[in-house]
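Report on one structure; see the data block that follows.
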Amino acid sequence: MREFNLEKIVRPNIKQLKAYSSARDEFKGVAEVYLDANENPFGTLNRYPDPQQVELKQKLSEIKKVNNNQIFIGNGSDEVIDLAFRIFCEPEKDKALTFSPSYGMYDVSAAINNIELIKQPLLADFQINLNQLQPYLEMEDVKLIFICSPNNPTGNSINKEDIEYILKNFNGIVIIDEAYIDFSTSASLISAIEEYPNLLISQTFSKAWGMASARVGVGYANQEIIKLYNKVKPPYNVSSLSQEAVLSVLNNQEKFEIEKNIILNEREKVITQLSQISSVKKIYPTEANFVLIEVENAGKIYTDLVEKNIIIRNRNSLVNNCLRITIGSPEENKKLINTLQNL
Ligand SMILES: *Cc1c(COP(=O)(O)O)cnc(C)c1O
């Protein structure tokens with residue numbers, strides 16, 4: 001293992017930053033009269049939310065078997081991604097790396113933060129080319145590597161051995177974006193945060209948990225990384241409505257399992273039906289709640305479907321003539337298949 005040193009890769013201004021201390025940070029107990037935060041005494045949403053999301057972290061720590069201080073709650077994974085740039089990358093100087101094709105938010109977040117994002121093409125089976133990656137692992141100014149697994153838009157999981165090689169041989173932060181992990185047969189790497197001080201796992205309530213509207217993402221890492229995240233985040237970054245909504249779905253795991261299994265069954269059904277449609281040239285294996293297909297003319301099929309009020313994602317710009325189809329309800333999937341058959 002190369003010598004990973006968190007102190008050395010944090011931006012100097014963040015190292016020196018003194019976090020904002022909110023009224024709710026300074027008094028944590030339960031009181032009768034709250035006159036500390038300039039809130040309005042009337043109403044139901046009049047109080048600021050818990051800035052540390054204690055109850056939610058407690059629940060997640062039980063489910064994920066990590067400590068509370070190894071959890072960061074963000075305003076969607078978008079915030080988990082953005083804060084990585086803000087904590088570790090000096091604008092115009094440092095770089096980050098990801099693979100292509102992959103999730104578009106890494107590009108946008110890098111651009112907003114004025115950081116160059118190096119894109120390494122994945123191999124034909126959408127796995128990482130470690131030989132080509134090797135020189136980048138040794139560059140001092142490459143601070144972050146984003147690995148999306150299962151990968152969006154391709155659907156495959158990235159080989160665990162490759163991820164571990166990168167974790168062991170890279171001195172910056174490795175962010176594994178596990179937005180689709182609940183649909184996957186491969187296990188989460190969450191338990192590896194104990195072993196790798198440079199690992200950050202990003203998960204979300206937006207996909208399998210059905211809470212995209214609540215905007216809640218989670219970062220799991222060792223407590224030193226999480227401390228930095230808590231220092232930089234806006235104090236009240238997750239609303240009380242969202243904290244409560246997510247806690248309530250976590251308290252109903254049975255419903256979660258039932259719905260997830262419906263989606264997984266539908267996925268197999270949709271794949272079988274797609275394979276019988278002549279315009280579908282290739283169906284890529286998937287570990288997520290979507291499937292990437294290759295067709296003869298992606299642009300044509302995309303616009304034909306829009307005309308029939310069915311919206312899928314044209315990924316032709318990322319993978320030639322490929323479309324990404326989210327697995328919907330049984331009715332939605334039936335409509336898609338019927339329409340495709342009749343185009
Ligand atoms: C959908 C998705 C997310 C979720 O982002 P949120 O901000 O949590 O809604 C994260 N990563 C990937 C790769 C995704 O496809």
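Read the numbers this way: they start at 1 and go in the same order the structure lists the ligands and their atoms. Numbering of residues begins at 1 and proceeds along the displayed sequence.
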Return the residue, atom name and 0.1 Å-rounded distance of the protein heavy atom closest to atom 5 (O) of ligand 1.
-> Ser77 OG, 3.5 Å
Residue portion contacting ligand 1 (non-hydrogen atoms closer than 4.0 Å) for Cys148 = side chain
With backbone taken as N, CA, C and O and side chain as the heavy atoms from C-beta onward, which portion of Glu79 lies under 4.0 Å from ligand 1: side chain, backbone, both, or neither?
-> neither
Asp78 heavy atoms within 4.0 Å reach ligand 1 at atoms 7 (O)
Any chance you could lay out the ring pair (Phe, Tyr, Trp, His ring centres under 6.0 Å) test for Phe99 and Phe146, step after step, and finish with the verdict?
-> CA-CA 8 Å; Phe99 303 90; Phe146 290 91; over 10 Å; no
If we number the atoms of ligand 1 from 1 as shown, the ones under 4.0 Å from a heavy atom of Lys207 are 1 (C), 2 (C), 3 (C), 4 (C), 14 (C), 15 (O)
Atom indices of ligand 1 within 4.0 angstrom of Gly76 heavy atoms, with elements = 7 (O), 8 (O)
Could you tell me which atoms of ligand 1, counted from 1 in the order shown, lie closer than 4.0 angstrom to a heavy atom of Ser206?
-> 6 (P), 8 (O), 9 (O)
Taking the side chain as every heavy atom from C-beta outward, state whether Tyr180 and Glu287 have any pair of such atoms under 4.5 Å apart.
-> no
Flag the pair Arg267 / Phe183 as yes when at least one side-chain heavy-atom distance between them is below 4.5 Å, and no otherwise.
-> yes
Establish, from distance only, whether the side-chain atoms of Lys64 and Gln203 form a donor-acceptor pair under 3.5 Å.
-> yes
Looking only at heavy atoms, is any part of Arg215 under 4.0 Å from ligand 1, and if so is it the side chain, the backbone, or both, or is it neither?
-> side chain
Check whether any side-chain heavy atom of Leu130 sits under 4.5 Å from a side-chain heavy atom of Ile166, and report yes or no.
-> yes
Heavy atom under 4.0 Å from ligand 1: found in Asn152's side chain, backbone, both, or neither?
-> side chain
Distance from atom 11 (N) of ligand 1 to nearest protein heavy atom, with residue and atom = Asp177 OD2, 2.7 Å
Ala179 neighbourhood, listing ligand 1 atoms whose heavy-atom distance to it stays under 4.0 Å = 2 (C), 3 (C), 10 (C), 11 (N), 12 (C), 14 (C)
When you measure from the side chain of Lys57 to the backbone N and O of Asn69, does any donor-acceptor pair fall under 3.5 Å?
-> no
Result of checking Asn152, Thr154, Asn151, Asp107 against Ser102 for side chain to side chain donor-acceptor pair (under 3.5 Å) = Asn151
Should Gly217 be listed as contacting ligand 1, given a heavy-atom distance under 4.0 Å as the test?
-> no
Establish, for the pair Arg24 and Tyr48, whether the NZ or CZ atom is under 6.0 angstrom from the six-membered ring centre and no further than 45 degrees off its axis.
-> no
Ligand 1 versus Tyr180, non-hydrogen atoms closer than 4.0 Å: side chain, backbone, both, neither?
-> side chain
Is the closest N or O pair between Tyr106 and ligand 1 shorter than 3.5 Å?
-> no
Is Glu331 salt-bridged to Lys334, going by a charged N under 4.0 Å from an acidic O?
-> no
